[in-house]
A.B. asks: 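Below you'll find the structure I mean.
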2 protein chains.
Amino acid sequence: MKKIDILKKLRSSGLRPTKQRVEIAKFLFEREKTFHFTVESLNKLLIKKLTSKIALATIYNTVHAFKIAGHLSEVEVRGKKTYFDTNISNHHHFYDSETAELIDIDANDIIIQKIPKAPNGKKIKNVEVFINLKN
Amino acid sequence: MKKIDILKKLRSSGLRPTKQRVEIAKFLFEREKTFHFTVESLNKLLIKKLTSKIALATIYNTVHAFKIAGHLSEVEVRGKKTYFDTNISNHHHFYDSETAELIDIDANDIIIQKIPKAPNGKKIKNVEVFINLKN
DNA sequence: AATCTAGTTTATAATTATTCTAAAGTGAAA
DNA sequence: TTTCACTTTAGAATAATTATAAACTAGATT
Ligand SMILES: [Mn+2]
Ligand SMILES: [Mn+2]
Ligand SMILES: [Zn+2]
Ligand SMILES: [Zn+2]
């Protein structure tokens, strides 16, 4: 992912490209594979990577803006912390509760044959499949 | 659900049948249909139904004990509060974010035709399907 | 370049769901 | 009745998140 794309992600999220935001955006989006994280885990990784630390509030604000702009999605995981996902396409997850780790499942790797119709007056927005793992 | 079953639920959860616990258990389990709730919503309903109010800590403790004993299950819903479910069988949910309401889907009403195999050394514990609704 | 200003970062406070604590209450058994 | 382990309860503690407000910065304007 090029610098110009990083700047585009920031601007399309209504964020001016400050030093902190560029660091966060580069860390999130300059990678090949999906990245699943909580604000806490992201913060720890940023501390390891950077020389100066970024205030938690800035990380919360930036992540939130990316989520609103659709550059990050939120994954519902049992527990108190919110999980975010750099994969914003429609997809599913394995969840390994031993390691608290999420693993992507491509939408095409799950085929649902039968599904009930939505309740009266409602439509289906999306279908999320969550596969819990054990050892 | 008979009084004897209520007492059985309490005892099998390691709880002595006190006045408060019996009230909570009757409210949760003496009903035909599935009941989805948060501790906050349960508390509000109990206040309406009962003359004396039960301490929040008692509600938390009792619900937690029922969950540990397997008499309640926990449903993962986007948001900060924990949702509980009197339906402890394997099943799925519609979620209406407008009303913050869960609706049960019988396990037999969803058939998954294709599913990826679990990662190395792991097995599938269970599969949860969550269908988000819109208007 | 110096100035200006809206937007930003940060430390800290506030909020909220949940859990903990410790003091007072209860009830079955001795 | 007395006892004592178990309970309830109000309030304190905790943890994730959001809000606040003062100091700072990036760009735009002179
Ligand atoms: Mn969660
Ligand atoms: Mn949740
Ligand atoms: Zn994902
Ligand atoms: Zn249910």
A.B. asks: Rounded at 0.5 Å granularity, tell me how far CZ in B:Phe27 sits from CZ in B:Phe37.
C.D. replies: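 It is 9.5 Å, given to the nearest 0.5 Å.
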
A.B. asks: Within the side chain of A:Ser97, is there an N or O that forms a donor-acceptor pair under 3.5 Å with the backbone of A:Ala100?
C.D. replies: no

A.B. asks: Report the C-alpha separation of A:Phe35 and A:Leu28 in whole Å, then their side-chain angles, then the decisive distance to 0.1 Å, and conclude whether the side chain to side chain contact (heavy atoms under 4.5 Å, CB included) test is met.
C.D. replies: CA-CA 7 Å; A:Phe35 180 43; A:Leu28 292 178; 3.8 Å; yes

A.B. asks: Using whole Å, what does the distance between atom C1' of nucleotide D:dT25 and atom CG of A:Leu15 come to?
C.D. replies: 15 Å

A.B. asks: I need the NZ-P distance between A:Lys53 and C:dT12, as an integer number of Å.
C.D. replies: 11 Å

A.B. asks: Any chance the side chains of A:His36 and A:Asp104 put a donor and an acceptor closer than 3.5 Å?
C.D. replies: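 There is such a pair between these side chains.
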
A.B. asks: Might you list the N or O atoms of the protein lying below 3.5 Å from N or O atoms in nucleotides 15-19 of chain D, with each pair's distance?
C.D. replies:
from: D:dT17; atom 1: OP1; to: A:Thr82; atom 2: N; distance (Å): 2.9
from: D:dT17; atom 1: OP1; to: A:Thr82; atom 2: OG1; distance (Å): 2.8
from: D:dT17; atom 1: OP2; to: A:Tyr60; atom 2: OH; distance (Å): 2.7
from: D:dT17; atom 1: O5'; to: A:Tyr60; atom 2: OH; distance (Å): 3.3

A.B. asks: To the nearest Å, how far apart are A:Leu50 CG and C:dT9 P?
C.D. replies: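 Atom-to-atom, A:Leu50 to C:dT9, this comes out as 14 Å.
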
A.B. asks: For nucleotides 27-30 of chain C, which of its nitrogen or oxygen atoms have a protein nitrogen or oxygen under 3.5 Å away, and what is each distance?
C.D. replies:
none

A.B. asks: How close or far is atom C1' of C:dT8 from atom CD of A:Glu23, stated in whole angstroms?
C.D. replies: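 Atom-to-atom, A:Glu23 to C:dT8, this comes out as 16 Å.
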
A.B. asks: How many whole angstroms separate atom CD1 of B:Ile59 from atom P of C:dC20?
C.D. replies: 17 Å

A.B. asks: Is there a side-chain contact between A:Gln20 and the phosphate of C:dT10, meaning an N or O under 4.0 Å from OP1 or OP2?
C.D. replies: yes

A.B. asks: Assess the side chains of A:His91 and A:Asp85: does a donor N or O sit below 3.5 Å from an acceptor N or O?
C.D. replies: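 There is such a pair between these side chains.
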
A.B. asks: Grab the CG-P distance between A:Asn61 and C:dT12 for me, whole Å please.
C.D. replies: 17 Å

A.B. asks: Taking only side-chain nitrogens and oxygens of A:Thr18, does any of them come within less than 4.0 Å of OP1 or OP2 of D:dT25?
C.D. replies: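 A:Thr18 to D:dT25 OP1/OP2: no side-chain N or O under 4.0 Å.
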
A.B. asks: Tabulate below the donor-acceptor pairs under 3.5 Å that side-chain atoms of residues 56-73 of chain A make, not counting sequence neighbours, or state none.
C.D. replies:
from: A:Asn61; atom 1: ND2; to: A:Ala57; atom 2: O; distance (Å): 3.2
from: A:Thr62; atom 1: OG1; to: A:Thr58; atom 2: O; distance (Å): 2.7
from: A:Lys67; atom 1: NZ; to: A:Glu74; atom 2: OE1; distance (Å): 2.4
from: A:His71; atom 1: NE2; to: A:Ser12; atom 2: OG; distance (Å): 2.8
from: A:Ser73; atom 1: OG; to: A:Asn87; atom 2: O; distance (Å): 3.1

A.B. asks: Donor-acceptor pairs under 3.5 Å, side chain of residues 124-135 of chain B to any protein atom, not counting sequence neighbours: which ones?
C.D. replies:
from: B:Glu128; atom 1: OE1; to: A:Arg78; atom 2: NH2; distance (Å): 3.1
from: B:Glu128; atom 1: OE2; to: A:Arg78; atom 2: NH2; distance (Å): 2.9
from: B:Asn135; atom 1: OD1; to: A:Lys122; atom 2: NZ; distance (Å): 2.6

A.B. asks: Go through the structure and list residues passing side chain to side chain contact (heavy atoms under 4.5 Å, CB included) with B:Lys117, not counting sequence neighbours.
C.D. replies: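 Not a single residue meets the side chain to side chain contact (heavy atoms under 4.5 Å, CB included) criterion with B:Lys117.
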
A.B. asks: How close or far is atom C1' of C:dT9 from atom CD1 of A:Ile24, stated in whole angstroms?
C.D. replies: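 Going from CD1 in A:Ile24 over to C1' in C:dT9 covers 11 Å.
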
A.B. asks: Sequence neighbours left out, cut at 3.5 Å: what donor-acceptor pairs do the side chains of residues 13-24 of chain B make with other protein atoms?
C.D. replies:
from: B:Ser13; atom 1: OG; to: B:Lys9; atom 2: O; distance (Å): 2.6
from: B:Thr18; atom 1: OG1; to: B:Arg21; atom 2: N; distance (Å): 3.3
from: B:Arg21; atom 1: NH1; to: B:Arg16; atom 2: O; distance (Å): 3.1

A.B. asks: Between C1' on D:dC24 and CD1 on A:Ile54, what's the gap in Å once rounded to a whole number?
C.D. replies: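 Nearest whole value for this atom pair: 16 Å.
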
